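Because the structure is a prediction, the values reported are computed rather than measured.
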Amino acid sequence: MSKEEFKRKALSQIEDDEVIKLLQDAVRIPSHKDLPDQEKEMAEFFASWFDKRGIEVELQRVEGPRQNVIARVRGEGDGSTLMYNSHLDTKPPYNMTIEPYDPVIKDGNLYGRGSVDAKAQLAAFASALLAVKRAKIPLRGDLIFTGVVGEEWDSKGTLYIAKNGPKADMAVVGEPTKLEICIAHKGIVRATITTIGKAAHSSVPHLGINAISKMGKVIRAIEEELPKKLEGKSHPLLGKSTYSLGVINGGVQPSIVPDKCSLTVDLRVLPGIWIEDVKEYFEEILENIKREDPEFKAELSMSSRQPPLDTSESHPIVQALKRSVNEIVGRMPKVTGAPFDTDASILANAGIPSVVCGAGDVRYAHAAVELVPVGEVIAAAKIFTLTAVEICC
């Protein structure tokens, strides 16, 4: 049987109602950080779903009650292994104007917290594994589902997989992209600057050194100098690196000259720029201030949330997805860069080339009214089924 015949056989195993029922059942389960066990119930739900359908599955403990779900359709071992990765957690239902856990379908959309971010992607990936399993497609490489914890907050689930496995030759990370293929996104670096002053009574301010005033110099210098340092590089899909002055704290009470003030700057940086580069930018800015003001003292600390992603458009996973989208929806998808960060960059940093693709529009993620088009979820399940057969057979 040819690969095209295998694809048709696998597609015949996709049942639209079954895909949507899986999504509805998942949306009914709260899975966010404000719950005592966070994603535990969601992990157990998917593990049970796979187990009942004869698909090899395990719960991978990350910390405490938090567990990743690892499901696998095994191949013979002499082909490429493909990982489908998306997250079990959602944002809490802050300010939602619909019932968050009642997944009603209206006007072609399914509503509820996590419907688009990212339980639609989990349902589509799981359905693809089931279709391949039911069709008894003779895979050469493994097809792996990883439902991970914590993407919305700390990415601990995918970080655990990057360190401990399972390993794969390539991955698709499920996030809402309107079935476009995202091959690049910026990374997140944060710089925290703390200016050090000297406390004094506010009635004799000349006896102190005002850390807030010193921070004013920092802010002016950042706004004058940082854009020049960031604008030197550009990316065809992402544009330029950007920054935002995110959080500032200083002072104890009005009657005391503040001896400390801290500022955290959030930077979204292009591939090719990382924490060491950003640290140099800020060290130079602070050193210039110190040369002009001998009283100026500041401490700098750096942290990162996600590295950038930059996967080649020529990679086999991109080309396979393009063909699959075209076959199911009748058009070649756009290859894009994303304004948001994803776990794809963590996998890519661990040596697993990755892209981002999924049903729905990111504008509805975390929203007061979260929704996903039902037709796109079904299309995604079929797209991921075709892609799995092409890569793993």
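With respect to Glu152 and Lys33, no salt bridge is recorded, no charged nitrogen being found less than 4.0 Å from a carboxylate O. Using a 4.0 Å cut-off between charged nitrogen and carboxylate oxygen, Lys40 and Glu44 count as a salt-bridge pair. For the pair Asp293 and Lys217, the salt-bridge criterion is met [side-chain N within less than 4.0 Å of a carboxylate O]. Salt-bridge annotation for Lys229 and Glu284: present, with a side-chain N of the basic residue lying under 4.0 Å from a carboxylate O of the acidic one. Using a 4.0 Å cut-off between charged nitrogen and carboxylate oxygen, Lys178 and Glu376 do not count as a salt-bridge pair. The pair Lys7-Glu4 counts as a salt bridge, with a side-chain nitrogen and a carboxylate oxygen less than 4.0 angstrom apart. Look at Lys21 and Asp25 and you find a salt bridge, because one of the NZ, NE, NH1 or NH2 atoms lies within 4.0 Å of a carboxylate O, short of that distance. Under a 4.0 Å N-O distance rule, the pair Glu287/Lys290 does not qualify as a salt bridge. A salt bridge is absent between Glu370 and Lys91; no separation between the charged side-chain nitrogens and carboxylate oxygens falls under 4.0 Å. A salt bridge is absent between Glu223 and Lys228; no separation between the charged side-chain nitrogens and carboxylate oxygens falls under 4.0 Å.
Each of Val265, Val247, Asp266, Val278 was evaluated against Arg190; a single residue qualifies, Asp266, per the side chain to side chain contact (heavy atoms under 4.5 Å, CB included) test. Of the candidates Thr192, Ile193, Ile248, Thr264 forms a side chain to side chain contact (heavy atoms under 4.5 Å, CB included) with just one, namely Thr192.
Around NZ of Lys3, the count of heavy atoms belonging to other residues, nucleotides or ligands within 6.0 Å exceeds 12. Within 6.0 Å of atom CD in Glu292, 12 or fewer heavy atoms from other residues, nucleotides or ligands are found, so the atom counts as exposed in its surroundings. Enclosure of atom OH in Tyr364 is not indicated, since only 12 or fewer non-hydrogen atoms of other residues, nucleotides or ligands lie within 6.0 angstrom. Within 6.0 Å of CG in Asp34 there are more than 12 heavy atoms belonging to other residues, nucleotides or ligands. The environment of Lys240 atom NZ is dense: over 12 non-hydrogen atoms of other residues, nucleotides or ligands sit within 6.0 angstrom. At most 12 non-hydrogen atoms from other residues, nucleotides or ligands lie less than 6.0 angstrom from CG of Asn95.
Of all heavy-atom pairs between Lys106 and Tyr111, the closest is O-CE1, 3.7 Å. Residue Thr90 comes nearest to Gly114 through the heavy atom pair CG2-CA, 3.7 Å, listed as atom of the first residue, atom of the second, then distance.
Rounding to the nearest 0.5 Å places CG of Leu88 at 12.0 Å from CD of Glu41. Atom CE in Met42 sits 9.5 Å away from atom CG in Asp89 (nearest 0.5 Å). Here the CZ atom belonging to Phe296 is positioned 11.5 Å from the CD1 atom belonging to Ile209, to the nearest 0.5 angstrom.
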Practice task
For Arg305 and Ser155, run side-chain hydrogen bond (donor to acceptor under 3.5 Å, both in side chains): C-alpha distance rounded to whole Å, both residues' side-chain angles, the deciding distance at 0.1 Å, then the answer.
Solution key: CA-CA 9 Å; Arg305 168 71 170 82; Ser155 291; 3.0 Å; yes

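Residues Phe384 and Phe125 bring their aromatic ring centres within 6.0 Å.
Note that Lys279 lies outside the cation-pi zone of Trp274, set by a 6.0 Å cut-off to the ring centre and a 45° limit from the axis.
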Using distance only, find each side-chain donor-acceptor pair of residues 255-262 under 3.5 Å and give its atom names and separation, not counting sequence neighbours.
residue: Ser255; atom: OG; partner: Gln253; partner atom: OE1; Å: 3.1

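Using a 3.5 Å distance cut-off with no hydrogens or angles, the side chains of Arg323 and Asn326 do not pair a donor with an acceptor.
Under the 4.5 Å side-chain criterion, counting only non-hydrogen atoms from C-beta, Asn68 is not in contact with Thr146.
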